[in-house]
2 protein chains.
Amino acid sequence: MNFISRDTDYAVRALIFMAGVSKKEIITVDEIVKKERLPERFLRRILQRLAKSGILTSHKGKKGGFSFFVPPAAIRLTDIMEIFQGKIDLTNCLLKSKVCPNVKKCPLRKKLKNLGQGLDTELKKITIVSLSKER
Amino acid sequence: MNFISRDTDYAVRALIFMAGVSKKEIITVDEIVKKERLPERFLRRILQRLAKSGILTSHKGKKGGFSFFVPPAAIRLTDIMEIFQGKIDLTNCLLKSKVCPNVKKCPLRKKLKNLGQGLDTELKKITIVSLSKER
DNA sequence: TTTAATGATACTAATATAGTATTATTAAAA
DNA sequence: TTTTAATAATACTATATTAGTATCATTAAA
Ligand code: FES
Ligand code: FES
């Protein structure tokens, strides 16, 4: 089971690259593609989606490109995952009403909820900046 | 992101049903299908796989069916997930060598490893019997 | 030898993921 | 104002995974 999809992976790589250049600068897709060797059109769509989601700002026209809207220190891995993969929700009912009809009382549900929340708080500590520092 | 695939879901339902009947009895696929309303041929394959994996024993011929090889108290949710979905491995390198080249030192990796192990030990506590008791 | 069960394997359908192509829009700069 | 260098929108295609079906072989009890 894979935890990270390719969209998330590419998005994170691109963001880390952008954070590494200079926080306020506008960076073009081509620059990222050249350095990170990612498929151009695919990455375009990913960045567009990041812009729509309010992580990046897009600048059209000549001298255009993308820049951070949210500062990279405030962009969490979970934010990116949520955009491309949806919420990581361990607390979803595992077995549907057929097996476990008593949703309110189900201790499994409770247990998983706690687990999920623990995982979530830990994951939320991982930001683009904390990742880019590793390099 | 869905944590539990349908195979796992159906397998767990079938096993809970079987555990509810009588521990040693041989149960046919048809019985399970009727009670749990699962797609017959699909469930067959699932039970076959459980037999191959050593969870169940299959009995061919008339009066045949499936019985537990591993007692339901010892069958963990994670065992089933592993059979149908592979290991839940948070510790996989998230970003490949492109982003995070220093696999040995990477603190993210370390952090995720701890997270994953925590999740794993908690999940391992959930067994077929503990689930069937909820009902 | 009939019958009622599983075993093996191949096939199909639906959905999700990954990636490409095309045309429109925008804004700087010549 | 026209050219140019960028993104926007949207539709398409390819591949992989998941979900489910069909067929025929095997087995063992009655
Ligand atoms: S598993 Fe769904 S309520 Fe218990
Ligand atoms: S994310 Fe892979 S080694 Fe750090």
Side-chain angles (χ1 to χ4, degrees), chain A residues 1-14 18 25-34 36-69 80-88 96 98, chain B residues 1-14 18 25-34 36-69 80-88 96 98:
Chain A
M1 209 178 64
N2 218 348
F3 203 63
I4 301 274
S5 76
R6 203 164 305 187
D7 312 66
T8 304
D9 182 332
Y10 288 179
V12 170
R13 292 194 205 182
M18 288 176 69
E25 222 170 280
I26 291 175
I27 295 152
T28 69
V29 176
D30 281 342
E31 283 179 81
I32 304 171
V33 164
K34 262 174 199 143
E36 300 290 329
R37 305 224 163 229
L38 303 173
E40 188 233 328
R41 287 159 196 280
F42 194 34
L43 185 63
R44 287 209 117 78
R45 271 208 333 192
I46 288 168
L47 294 190
Q48 280 169 18
R49 202 152 164 208
L50 287 173
K52 263 196 179 168
S53 311
I55 303 283
L56 299 178
T57 307
S58 76
H59 307 268
K60 278 182 148 189
K62 209 168 182 175
K63 296 263 170 180
F66 291 92
S67 63
F68 284 107
F69 183 74
I80 310 303
M81 289 180 71
E82 205 168 315
I83 290 169
F84 295 103
Q85 301 173 228
K87 267 210 188 297
I88 313 147
K96 319 289 149 47
K98 286 272 165 66
Chain B
M1 207 177 66
N2 219 349
F3 203 62
I4 302 273
S5 77
R6 203 163 305 187
D7 311 66
T8 304
D9 182 331
Y10 289 179
V12 170
R13 292 194 205 183
M18 288 177 68
E25 224 170 277
I26 291 175
I27 295 153
T28 68
V29 175
D30 281 341
E31 284 180 80
I32 304 171
V33 164
K34 262 174 202 143
E36 299 291 330
R37 305 222 163 232
L38 303 173
E40 187 233 330
R41 286 159 196 281
F42 193 35
L43 186 63
R44 285 209 117 78
R45 271 207 335 191
I46 288 170
L47 295 190
Q48 279 171 18
R49 204 153 162 205
L50 287 173
K52 263 197 178 168
S53 312
I55 303 281
L56 298 178
T57 309
S58 77
H59 308 269
K60 278 181 149 191
K62 209 167 182 175
K63 296 262 172 184
F66 290 92
S67 62
F68 283 107
F69 182 74
I80 311 302
M81 290 180 71
E82 204 167 316
I83 291 168
F84 295 104
Q85 302 173 227
K87 266 210 190 300
I88 313 148
K96 320 290 151 42
K98 286 271 166 67

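Letters go in sequence order (proteins before strands), and every chain restarts at 1.
- Nearest to the side-chain atoms of B:Ser58 among the listed nucleotides C:dG7, D:dT21, C:dA29 stands C:dG7.
- Residue B:Arg41 places its side chain closer to D:dA22 than to any other of C:dA5, C:dT20, D:dA22.
- A donor and an acceptor atom never sit less than 3.5 Å apart when one is taken from the side chain of B:Arg6 and the other from the base of D:dG20.
- The side chain of B:Phe42 has D:dT21 as its nearest neighbour among D:dT21, D:dT27, C:dA18.
- Projected onto DNA chain C by closest heavy-atom contact, A:Pro39 and B:Glu40 fall at different nucleotides, the more 5' of which corresponds to B:Glu40.
- Nearest to the side-chain atoms of B:Lys62 among the listed nucleotides D:dT27, D:dA30, C:dA21 stands D:dA30.
- For A:Thr28, counting side-chain heavy atoms from C-beta on, the closest listed nucleotide (C:dG7, C:dC11, D:dA6) is D:dA6.
- If you check residues 47-55 of chain A against DNA chain C, you find no residue with a heavy atom closer than 4.0 Å.
- Side-chain atoms of B:Tyr10 lie closest to D:dG20 of the nucleotides D:dG20, C:dA21, D:dA19.
- For A:Lys60, whose side chain is taken as the heavy atoms from C-beta onward, the closest listed nucleotide among D:dA30, D:dA8, D:dT27 is D:dA8.
- The residues A:Lys34 and A:Asp30 are annotated as not salt-bridged, no charged nitrogen and carboxylate oxygen being separated by less than 4.0 angstrom.
- In this structure, B:Asp7 reaches the sugar-phosphate backbone alone: every heavy-atom distance under 4.0 Å involves primed, P, OP1 or OP2 atoms, never a base.
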